[in-house]
Trainee: 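Quick one: structure below, then a few questions.
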Amino acid sequence: MSTSKKKGARKSMPGSVFQRGNKWAYKFYGQPDMLTGEKPEIRKSGFESSDEAWEAMLEARAALSSNIYVRPSRQTVAAFFESWFPYVRTTTEATTAVNYENLARLYVLPKLGKRPLQDITAPVIAALYEHLLTEARAGKRNSNWEMYLRWKSAQQRGEEISARALSEIGDVTPAGARKAMRRYEVGRVPAEPEGGYAPKTVLSVHIMLGSAMSAAKNVWKCIGANPMEVVKAPSVTRRPHKTWTPEQMARFLEVARADRLYGLWVLVASTGMRRSELCGLTRGGLDLTVPGAETVRMNVTSVVAGGKVTTGGGKSRTSRRPVSLDRYTAAVLREHLDRLDAERDSFGTSYHNAGLVFCWEDGRRIYPDTITEKFNALVDRAGLPVITLHGVRHSYATISLRSGVHPKVVSTRIGHSSVAFTLDVYSEDVPGLDREASENIGSLFLPTPSSNEPPTDRSPDVPGAPSTAFEARRDAILELARVAPDHYQEILQSMERRGDDHAAGAV
């Protein structure tokens with residue numbers, strides 16, 4: 001369209017474009033208010049040319065007629081998040097709300113807080129991730145690392161360094177420095193600082209931003225498009241979990257036998273319960289009345305949110321599950337409850353009767369981080385490889401899978417959302433699962449290694465010659481294909497890469 005025709009068409013279009021300083025702006029009136037009849041004035045400036053302003057006004061009018069228009073706003077990212085935080089506190093678990101707020105304040109607002117929310121595009125988010133991954137921590141002090149280097153230097157020279165001297169380096173209390181020295185002595189040393197944050201941290205930021213921007217678009221309607229819909233999450237390298245062998249688990253329980261919370265350590269080892277579930281467990285969640293049918297139900301959790309202990313209902317519906325107990329665990333828990341009754345009688349009216357299974361002698365709640373500290377002390381005393389308390393949960397799952405317990409049973413007992421999720425989480429920890437599945441699948445249609453001849457109908461290991469073993473393998477493979485189709489395909493593709501022509505044909 002020629003310039004003269006374009007100007008003629010624009011004259012008939014409601015609204016106007018005008019120059020403001022060195023930039024251009026547009027202005028038009030929206031639909032009248034249903035009650036007052038007043039037409040709101042809609043304007044936006046900052047365009048480089050009149051043509052750009054006209055095009056933007058056309059898009060705004062089209063969005064308005066489609067009820068997807070978002071009024072131009074200079075609301076900052078920081079202002080939006082301050083209104084979003086209370087919304088998250090009322091719509092998510094307490095720990096999620098606190099984690100989201102911490103992620104926003106530590107990693108997002110320092111860089112983007114002053115920018116208008118409507119200026120945040122996918123390239124801006126990608127640039128933030130690049131900054132966080134490569135240079136966000138450069139130049140920042142790491143007092144724990146400084147204390148460790150000073151302690152290590154003294155050890156190499158054969159010198160002694162006092163907790164007070166170390167506390168002055170790390171700007172902590174002497175008690176805090178003493179705890180740090182005990183960690184260093186047993187091998188709990190801090191990781192060397194890097195220029196950026198770990199990909200897993202940035203992935204958490206990505207998840208938080210996804211929730212925030214979704215609310216900005218769909219709840220507050222202050223942005224027209226969600227930039228997170230086209231931004232990819234940082235790639236996180238999956239590594240096997242740090243776990244114990246059955247022998248190491250037994251060694252830990254042997255050392256923990258004299259501990260007052262022995263029942264807690266046995267329970268986490270035999271069920272894989274989460275720390276929050278252990279800390280929140282009440283007597284109502286235990287059913288020890290019928291020998292041989294004892295159960296524990298995780299329906300209350302106790303978590304730390306913002307430095308305070310908060311109770312909740314678990315991570316998901318599958319978290320609130322009944323789990324059968326073995327005879328030994330049930331016996332230990334009965335003994336533990338008898339001790340609680342004796343302590344309650346001893347304290348009398350000053351006892352804090354909250355019904356908790358694991359508590360202090362006077363019934364008060366044990367701070368969850370204290371449970372972790374007690375666990376770490378027992379691990380160090382036992383001389384075992386250092387793992388986290390959550391690592392005991394992973395140990396329980398991997399020991400169960402390696403011993404042949406059906407993945408569905410393991411998934412249900414530890415409260416995962418699906419069998420596929422369980423297989424995905426522990427596929428690196430239990431490589432034998434992949435090997436066993438590969439052999440089971442191959443045995444359905446591949447020749448046996450001992451013969452170069454094609455299988456015959458008389459062979460018990462080929463389809464058409466049913467056997468109990470064959471049917472069991474078939475059922476296991478069909479179950480794997482049903483609950484974890486991606487994992488099933490990966491196995492077949494792995495067989496293809498090894499040159500198994502029969503498997504390639506089967507795919």
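For the numbers below, each heavy atom of this structure counts, side chains included, while hydrogens, waters and symmetry mates do not. Remember, predicted model here, so these are calculated numbers, not experimental data.
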Trainee: To the nearest 0.5 angstrom, please state how far the CH2 atom of Trp84 sits from the OG1 atom of Thr91.
Mentor: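 Those atoms lie 8.5 Å apart.
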
Trainee: Before accepting this row, confirm whether a basic side-chain N of the pair Asp369/Arg275 lies closer than 4.0 Å to the acidic partner's carboxylate O.
Mentor: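 Looking at Arg275 together with Asp369, the answer is yes, because their closest N to O distance falls below 4.0 Å.
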
Trainee: Could you list the donor-acceptor pairs under 3.5 angstrom formed between side-chain atoms of residues 255-266 and any protein atom two or more places apart in sequence or on another chain?
Mentor:
unit_1: Asp259; atom_1: OD2; unit_2: Leu261; atom_2: N; d: 2.9
unit_1: Asp259; atom_1: OD2; unit_2: Trp265; atom_2: NE1; d: 3.2
unit_1: Arg260; atom_1: NE; unit_2: Glu343; atom_2: OE2; d: 3.0
unit_1: Arg260; atom_1: NH1; unit_2: Cys359; atom_2: O; d: 2.7
unit_1: Arg260; atom_1: NH2; unit_2: Glu343; atom_2: OE1; d: 2.9
unit_1: Arg260; atom_1: NH2; unit_2: Cys359; atom_2: O; d: 2.9
unit_1: Arg260; atom_1: NH2; unit_2: Trp360; atom_2: O; d: 3.4
unit_1: Tyr262; atom_1: OH; unit_2: Tyr328; atom_2: OH; d: 2.7
unit_1: Trp265; atom_1: NE1; unit_2: Leu261; atom_2: O; d: 3.4

Trainee: Do the side chains of Glu294 and Leu333 get nearer than 4.5 Å, heavy atoms only?
Mentor: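 They are not in contact (no side-chain heavy atoms under 4.5 Å apart), so the answer is no.
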
Trainee: What verdict does the salt bridge (Lys or Arg N to Asp or Glu O under 4.0 Å) test give for Arg251 and Glu254, after you've listed the backbone C-alpha separation in whole Å, the side-chain angles of each residue and the deciding distance to 0.1 Å?
Mentor: CA-CA 5 Å; Arg251 169 60 181 163; Glu254 177 186 350; 3.7 Å; yes

Trainee: When rounded to the nearest 0.5 angstrom, what distance separates CZ in Arg344 from OG1 in Thr349?
Mentor: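 OG1 of Thr349 is found 13.0 Å from CZ of Arg344.
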
Trainee: As a quick check of understanding, evaluate side-chain contact (heavy atoms from CB on, under 4.5 Å) for Ser350 and Asp362, giving each step before the final call.
Mentor: CA-CA 7 Å; Ser350 61; Asp362 63 354; over 6 Å; no

Trainee: For Ile366, is there any backbone N or O sitting under 3.5 Å from a side-chain donor or acceptor partner on Thr370?
Mentor: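 Not confirmed, Thr370 side chain does not pair with Ile366 backbone.
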
Trainee: State, with a plain yes or no, whether a side-chain heavy atom of Thr282 is found less than 4.5 Å away from one of Val357.
Mentor: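 No, too far: nothing below the 4.5 Å cut-off.
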
Trainee: Mark yes or no for whether Arg393, through its side chain, and Ile414, through its backbone, hold a donor-acceptor pair below 3.5 Å.
Mentor: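 Yes, Arg393 side chain to Ile414 backbone: donor-acceptor pair under 3.5 Å.
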
Trainee: Within the structure provided, determine whether Leu132 and Thr201 are in side-chain contact (heavy-atom separation under 4.5 Å).
Mentor: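 Sidechains of Thr201 and Leu132: no contact.
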
Trainee: With a 4.5 Å cut-off on side-chain heavy atoms, are Ser167 and Thr173 touching?
Mentor: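 Not in contact.
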
Trainee: State, to 0.1 Å, how close Ile399 and Met249 come at their nearest heavy-atom pair, and which atoms those are.
Mentor: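 What the structure gives for the nearest pair is CD1-CE, 4.2 Å.
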
Trainee: Side-chain donor-acceptor pair under 3.5 Å between Asp424 and Thr422, yes or no?
Mentor: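 No pair is found: no donor N or O on one side chain lies under 3.5 Å from an acceptor on the other.
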
Trainee: When you check the side-chain N and O atoms of Asp326 and Thr329, is any donor under 3.5 Å from an acceptor?
Mentor: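 A pair is found: one side chain offers a donor N or O, the other an acceptor, under 3.5 Å apart.
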
Trainee: Give the minimum heavy-atom separation between Arg188 and Ile387, together with the two atoms involved.
Mentor: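 That closest heavy-atom pairing would be NH1-O, 4.5 Å.
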
Trainee: Do Arg413 and Tyr396 have side-chain atoms, one donor and one acceptor, less than 3.5 Å apart?
Mentor: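 Yes, side-chain donor-acceptor contact under 3.5 Å.
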
Trainee: Check the pair Leu267, Leu325 against side-chain contact (heavy atoms from CB on, under 4.5 Å), reporting the backbone distance first and the verdict last.
Mentor: CA-CA 9 Å; Leu267 188 58; Leu325 299 174; 3.8 Å; yes

Trainee: With distance as the sole criterion, is a donor-acceptor pair present between the side chains of Tyr184 and Asn144 under 3.5 Å?
Mentor: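 The answer is yes; a qualifying pair exists.
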
Trainee: Taking the basic N atoms (NZ, or NE/NH1/NH2) and the acidic carboxylate oxygens, is any pair closer than 4.0 Å for Glu277 and Arg297?
Mentor: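 Arg297 and Glu277: not salt-bridged.
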
Trainee: Looking at CG of Asn226 and CG of Asn218, how far apart are the two atoms once the value is rounded to the nearest 0.5 Å?
Mentor: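 These two atoms lie 7.5 Å from each other.
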
Trainee: Quick one: CG on Leu209 to OG on Ser214, what's the gap to the nearest 0.5 Å?
Mentor: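 The distance works out to 12.0 Å.
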
Trainee: More than 12 non-hydrogen atoms from neighbouring residues, nucleotides or ligands closer than 6.0 Å to CD on Glu194, yes or no?
Mentor: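 Not buried by this count: 12 neighbours or fewer within 6.0 Å.
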
Trainee: Could you check whether atom CD of Glu159 has more than 12 heavy atoms from other residues, nucleotides or ligands sitting under 6.0 Å from it?
Mentor: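 It does: Glu159 CD has more than 12 such atoms within range.
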
Trainee: Considering residues at least two apart in sequence or located in another chain, which fulfil the side-chain contact (heavy atoms from CB on, under 4.5 Å) criterion with Arg141?
Mentor: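 Arg141: side-chain contact (heavy atoms from CB on, under 4.5 Å) contacts with Ser143, Glu146, Asp171.
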
Trainee: Using a 4.5 Å cut-off on heavy atoms from C-beta on, say whether the side chain of Pro199 contacts that of Leu133.
Mentor: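 Yes, side chains in contact.
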
Trainee: Using the side-chain contact (heavy atoms from CB on, under 4.5 Å) rule, take Arg182 and Lys179 through it: C-alpha gap first, then chi angles, then the decisive distance, then the call.
Mentor: CA-CA 5 Å; Arg182 286 199 291 266; Lys179 286 184 178 180; 3.5 Å; yes

Trainee: Decide ring-ring contact (aromatic ring centres under 6.0 Å, His included) for Tyr426 and Phe421; before the verdict, give the C-alpha distance in whole Å, the side-chain angles of both, and the deciding distance to 0.1 Å.
Mentor: CA-CA 9 Å; Tyr426 295 112; Phe421 180 77; 8.5 Å; no

Trainee: Where do Phe358 and His336 land on the side-chain contact (heavy atoms from CB on, under 4.5 Å) test, with the steps shown first?
Mentor: CA-CA 9 Å; Phe358 303 113; His336 178 78; 3.5 Å; yes

Trainee: Where is the tightest heavy-atom contact between Ala104 and Pro110, given as atom of each residue plus distance?
Mentor: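 Closest approach of Ala104 to Pro110: O-CD, 4.1 Å.
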
Trainee: How about CZ on Arg157, more than 12 heavy atoms from neighbouring residues, nucleotides or ligands closer than 6.0 Å, or not?
Mentor: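 Atom CZ in Arg157 is crowded, with more than 12 foreign heavy atoms closer than 6.0 Å.
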
Trainee: Can you find a heavy atom in the side chain of His206 that is under 4.5 Å from one in the side chain of Met228?
Mentor: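 Heavy-atom side-chain distance check passes, below 4.5 Å.
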
Trainee: Taking the side chain as every heavy atom from C-beta outward, state whether Arg178 and Arg164 have any atom pair closer than 4.5 Å.
Mentor: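 No, side chains not in contact.
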
Trainee: Would you find more than 12 non-hydrogen atoms of other residues, nucleotides or ligands less than 6.0 Å from Arg339 atom CZ?
Mentor: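 Check passes, neighbour count above 12.
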
Trainee: Could you check whether the rings of Phe85 and Phe81 sit parallel, tilted or perpendicular, using 30° and 60° as the cut-offs?
Mentor: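 Because their plane-to-plane angle lies in the 30° to 60° range, the rings of Phe85 and Phe81 count as tilted.
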
Trainee: Before accepting this row, confirm whether a basic side-chain N of the pair Glu135/Lys140 lies closer than 4.0 Å to the acidic partner's carboxylate O.
Mentor: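 A salt bridge is absent here (no side-chain N lies under 4.0 Å from a carboxylate O).
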
Trainee: State, to 0.1 Å, how close Ala177 and Ala163 come at their nearest heavy-atom pair, and which atoms those are.
Mentor: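 Heavy atoms only, the tightest pair is CB-O, 3.3 Å.
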
Trainee: Can you sort out the partners of Tyr197 under side chain to side chain donor-acceptor pair (under 3.5 Å), two or more places apart, ordered by chain and number?
Mentor: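 Scan of Tyr197 (side chain to side chain donor-acceptor pair (under 3.5 Å), adjacent residues dropped) gives none.
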
Trainee: Can you see which heavy atom on Val88 is nearest to which on Thr92, and at what distance?
Mentor: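 In terms of heavy atoms, the two residues are closest at O-OG1, 2.8 Å.
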
Trainee: If we count only N and O atoms by modelled type, under 3.5 Å, do the side chains of Thr243 and His394 hold a donor and an acceptor together?
Mentor: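 No, no side-chain donor-acceptor pair sits under 3.5 Å.
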
Trainee: In Å, rounded to the nearest 0.5 Å, how long is the span from CG of Leu203 to CD1 of Ile207?
Mentor: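 One finds 4.5 Å between CG of Leu203 and CD1 of Ile207.
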
Trainee: Write down the atom of Pro190, the atom of Trp145, and the distance for their closest heavy-atom approach.
Mentor: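 The answer is O-CZ3, 3.5 Å.
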
Trainee: Quick check: do Glu335 and Val332 have side-chain heavy atoms less than 4.5 Å from each other?
Mentor: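 Side chain of Glu335 against side chain of Val332, heavy atoms only: no contact under 4.5 Å found.
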
Trainee: Would you confirm whether Thr412, through its side chain, and Lys408, through its main-chain N or O, come within 3.5 Å as a donor-acceptor pair?
Mentor: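 Yes.
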
Trainee: Measure from the side-chain N and O atoms of Ser211 to the backbone N and O of Met208, and report whether any donor-acceptor pair falls under 3.5 Å.
Mentor: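 Such a contact is absent between Ser211 side chain and Met208 backbone.
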
Trainee: Is the backbone N or O of Ala342 less than 3.5 Å from a side-chain atom of Ser346, with the two atoms forming a donor-acceptor pair by type?
Mentor: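 The answer is no, because no donor-acceptor pair under 3.5 Å joins these two groups.
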
Trainee: At what distance, to the nearest 0.5 angstrom, does CD of Glu101 lie from CG of Leu106?
Mentor: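 Separation between the atoms: 10.0 Å.
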
Trainee: Is the closest side-chain donor-acceptor distance between Glu93 and Thr95 under 3.5 Å?
Mentor: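 Result is no, nothing qualifies.
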
Trainee: Would you confirm whether His416, through its side chain, and Ser418, through its main-chain N or O, come within 3.5 Å as a donor-acceptor pair?
Mentor: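 No; zero donor-acceptor contacts below 3.5 Å.
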
Trainee: So, does Gln248 use its side chain to make a donor-acceptor pair with the main chain of Thr245 at under 3.5 Å?
Mentor: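 Looks like yes, one N/O pair under 3.5 Å.
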
